[in-house]
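Because the structure is predicted, anything quoted here is derived from the model rather than measured.
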Amino acid sequence: MSELLQFLLSGITVGAVYALVALGFTIIFNASGVINFAQGEFVMLGGMSTVFLLDAGVPMLPAAVAAIAIACAVGIALNKLAIQPARGASVVTLIIITIGASIFLRGAAQIVFDKQIHRFESFSGDEPFVIGGATILPQSLWVMAGAVAVFAGLYLFFTRSLLGKAVLATANNPLAARLVGVNTNFVMTLSFAMSAAIGAFAGVLVTPITLTSYDIGIALALKGFAAAVLGGMGNPFGALVGGLLVGLIEAMTAGYISSAYKDAAAFIVILAVLFVMPHGIFGRATVERV
Amino acid sequence: MLSIEGLRSKYGRIEVLHGIDLEVGSGEIVTVVGANGAGKTTLLRCLSGVQPVAAGTITFRGEDISRLPAHRRVGLGLAQSPEGRQIFTNLTVEDNLRLGAYLYSDDRVDTDMADAFAMFPVLREKRNLNAGGLSGGQQQMLAIARALMARPVCLLLDEPSMGLAPILVDQILEVVKNLRSLEVTTLLVEQNAFAALSIADRGYVMETGRITMSGPAEELIADPRVRAAYLGI
Ligand SMILES: Nc1ncnc2c1ncn2[C@@H]1O[C@H](COP(=O)(O)OP(=O)(O)O)[C@@H](O)[C@H]1O
Ligand SMILES: [Mg+2]
């Protein structure tokens, strides 16, 4: 029983990170129809920038804020320099552009940072809490709390603020959004900035547990994408559920079978679900994009 | 108020507007009638800035707006209720109206919304429902109300009668007629030429990207060529 609880806790921790990456996919997809495979690089940028700022003597909080700001700037640049100039190109072309951007960012990170594996101190020590025979790191609680805060904040943004509704309106009908006076280019820029910030925030939270290096982005992007598809691409709530499911499947497979199979198990379950529900768990049957 | 000179527009390399000249005076209801595919929607898309202009100028309230981005044109008082309604189907009726006044956050937003509900009481009943669940006629009312929320000086209406039962067509046209009392200038695009000409001050006839006739609405309604081509008489 305590074993199951242990696997559940670690599944929820990684699942929270996948959920945040999936949320990044969702936000950009909704605003622009683009599936941004550079999403994992935002997580890497958050962790790596924090590592190097800490090394330079910057205290933790400003280092984390600056790291998120750096990722934001990279996200905005990605949109302005690579995505918007290709407006009107096919979805496949845009996806290839984001894959190219992801490779470029990985290469740049190798040069600007290095090829080592890094970590920094947990926010509140490494003394685990014991719950019902299972243990949980304080940093895991930070990750979970961070994910809850991001999802709650986004929920309020989309349901309570006019700008949030304008983002939803742009996703629902870009032409109509422009006709009521929404600057849809700004909405796109905002979406890239938000996705980058969310990814980098996840990177800052999880680095003390999972460590970071220039190339962690690929695996995260694949898992996050799988989580977004599983939950139903375009649905923020689906991103949350999909992320947690992928994390839990991984943790259970690693715990009860072998950690060698954890990646494969996650993808097999996803394929099985998509076979039955082609639009994901919370996806709508038709994706209208005008 | 609104003056269009030599307007040309293309889809890819195919030109569909071949030099349109058109004038809308302050307080007028002007209609552009023409068969399906004539280029009426393209014209309104150019006016709103969601369609590239290849040549010509659009002057609105004395300012050349032909290069202005769409959201800036809304800010100047040029709003559109587009063809096919294009409401935000995933959002509530109230959110649709609120977004109509996206550029504003003052007290007038509330009074304008109350006015919209007074104009279309059915929208008040359904204010908290998803707009995608409305009937065609209700969606059309919502599209017009949403455009009015933008505080238009000049309102562009694209085929408000399309796909509606005759009784609803009359109701919508009555609303358009009453825009005059709100001091909103109106450019109405319609395939339903008789209905449009019967409420308009002046009209233009458009054929394959060109204006072929223009004049006071009552003269066009009486014109044998118009009657033969568009009124089926
Ligand atoms: N998105 C588009 N791509 C290419 N051609 C188009 C597009 N929309 C309209 N057209 C063409 O432009 C011409 C004018 O269309 P439109 O402005 O919709 O006319 P109307 O509103 O008078 O029915 C038609 O020949 C139509 O086939
Ligand atoms: Mg049309």
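- Atom CZ of A:F104 sits in a sparse spot, with 12 or fewer heavy atoms from other residues, nucleotides or ligands closer than 6.0 Å.
- Side-chain contact between A:V182 and B:H71: absent, with no pair of heavy atoms (C-beta onward) separated by less than 4.5 Å.
- Within 6.0 Å of the OH atom in B:Y11, the count of heavy atoms belonging to other residues, nucleotides or ligands exceeds 12.
- Taking the side chain as every heavy atom from C-beta outward, A:L179 and B:V50 approach each other to under 4.5 Å.
- Checking side-chain atoms of A:N172 against main-chain N and O of B:N90 turns up a donor-acceptor pair under 3.5 Å.
- Expressed to the nearest 0.5 Å, how far OG1 of B:T92 lies from NZ of A:K165 amounts to 6.5 Å.
- Heavy atoms of other residues, nucleotides or ligands lying less than 6.0 angstrom from CG of B:D106 number more than 12.
- For A:F237, the CZ atom counts as loosely surrounded, since its 6.0 Å shell holds 12 or fewer non-hydrogen atoms of other residues, nucleotides or ligands.
- For A:A176 against B:Q86, the heavy-atom pair with the smallest separation is CB-O, 3.0 Å.
- Only the backbone of B:I87 comes within contact range of chain A, with heavy atoms under 4.5 Å apart.
- Closest approach of A:G181 to B:L103, counting heavy atoms only: O-CD2, 3.5 Å.
- Contact annotation for B:R45: only side-chain heavy atoms (C-beta onward) come within less than 4.5 Å of a heavy atom of chain A.
- Under the 3.5 Å distance criterion, with hydrogens and angles disregarded, no donor-acceptor pair is assigned to the side chains of A:N173 and B:T89.
- No more than 12 heavy atoms of other residues, nucleotides or ligands sit less than 6.0 Å from atom CZ of B:R72.
- Residue B:R98 touches chain A through both its backbone and its side chain, counting heavy-atom pairs closer than 4.5 Å.
- Closest approach of B:Y102 and A:L162 over heavy atoms only: O-CD2, 3.6 Å.
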